[in-house]
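Inspection log for the structure reproduced underneath, given as structure tokens.
As the structure is a prediction and not an experimental result, all values here were calculated from the model.
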Amino acid sequence: MEIKAVIIQTLAAIPSGKVAAYGQIAKMAGYPGYARYVGTVLKQLPSGSNIPWDRVVNAKGEISFAESSKEYLKQHQLLMSEGVVVNNGRVSMKIFGI
DNA sequence: CCTGTGACCGGTA
DNA sequence: ATACCGGCCACAG
């Protein structure tokens with residue numbers, strides 16, 4: 001119950017217009033190695049929460065959904081609307097570095 | 001209790 | 001640059 005909260009806080013701290021990697025978030029939260037768990041938490045987030053799940057990408061800077069998936073398109077759109085440039089599924093260096 | 005799974009990561013070839 | 005591999009940790013069945 002502790003870890004989840006910290007991760008969510010860290011997610012909420014990502015400024016608009018920037019993105020962060022799963023592992024990076026885990027590390028910032030003080031739990032290095034919890035990258036996968038970050039994904040688990042995001043997946044279980046209730047819809048309607050204020051958590052910017054769309055600003056989370058994998059270590060390669062890519063969206064972690066299949067291109068054909070609906071979620072991919074949605075995330076892509078959200079990122080664009082926040083000023084993040086996405087090229088071929090890859091975000092252009094706007095990584096959140098506190 | 002044990003096993004498989006996941007919106008992952010880093011090192012090595 | 002890409003491909004493969006082992007490690008990672010909580011959670012559901």
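Residues A:Glu82 and A:Arg55 are paired through a salt bridge, judged by an N-O separation under 4.0 Å between the basic side chain and the carboxylate.
The backbone N or O of A:Lys60 sits less than 3.5 Å from a side-chain atom of A:Asn58, completing a donor-acceptor pair.
Straight-line distance from the CD1 atom of A:Ile7 to the C1' atom of B:dA7: 13 Å, rounded to whole Å. Summarising the geometry, the separation between CD on A:Gln44 and P on C:dC9 is reported as 18 Å, rounded to the nearest angstrom. Protein atom CG of A:Asn88 is 14 Å distant from nucleotide atom P of C:dA1, rounded to whole Å. Rounded to whole Å, the distance from NZ on A:Lys4 to P on C:dA10 is 13 Å. In this entry the distance linking CG of A:Asn58 with P of B:dG6 reads 16 Å, nearest Å. Computed from coordinates, the A:Lys43 NZ to C:dA10 P distance equals 17 Å when rounded to whole Å. Atom-to-atom, CD1 of A:Ile14 to C1' of B:dA7 comes out at 13 Å; the value is rounded to the nearest Å. Rounded to a whole Å, the OH atom of A:Tyr31 is 24 Å from the P atom of C:dG7.
Cluster membership check: A:Val86 shares its hydrophobic cluster with A:Ile95, using side-chain heavy-atom separations under 4.5 Å among Ile, Leu, Val, Met, Phe, Trp and Tyr. No path of Ile, Leu, Val, Met, Phe, Trp and Tyr side chains, each step under 4.5 Å between heavy atoms, connects A:Val57 with A:Met80, placing them in separate hydrophobic clusters.
Between A:Tyr34 and C:dC8 there is no side-chain polar atom (N or O) within less than 4.0 angstrom of OP1 or OP2.
Residue A:Thr40 has its side chain nearest to B:dG6 when only B:dG6, B:dC9, C:dA10 are considered. Checked against C:dG7, B:dA7, B:dC9, the side chain of A:Leu42 finds its nearest nucleotide in B:dA7. Comparing C:dG7, B:dC9, C:dA10 by their nearest atom to the side chain of A:Tyr37 picks out C:dA10. Comparing C:dG7, C:dA10, B:dC9 against the side chain of A:Arg36 picks out C:dG7 as the nearest.
Looking at which nucleotide of DNA chain B each of A:Lys27 and A:Gly39 is closest to, the 5′-most match is held by A:Gly39.
In this pair, A:Tyr37 and A:Tyr34 present their aromatic rings perpendicular. The plane angle is above 60°, beyond the 30 to 60° band.
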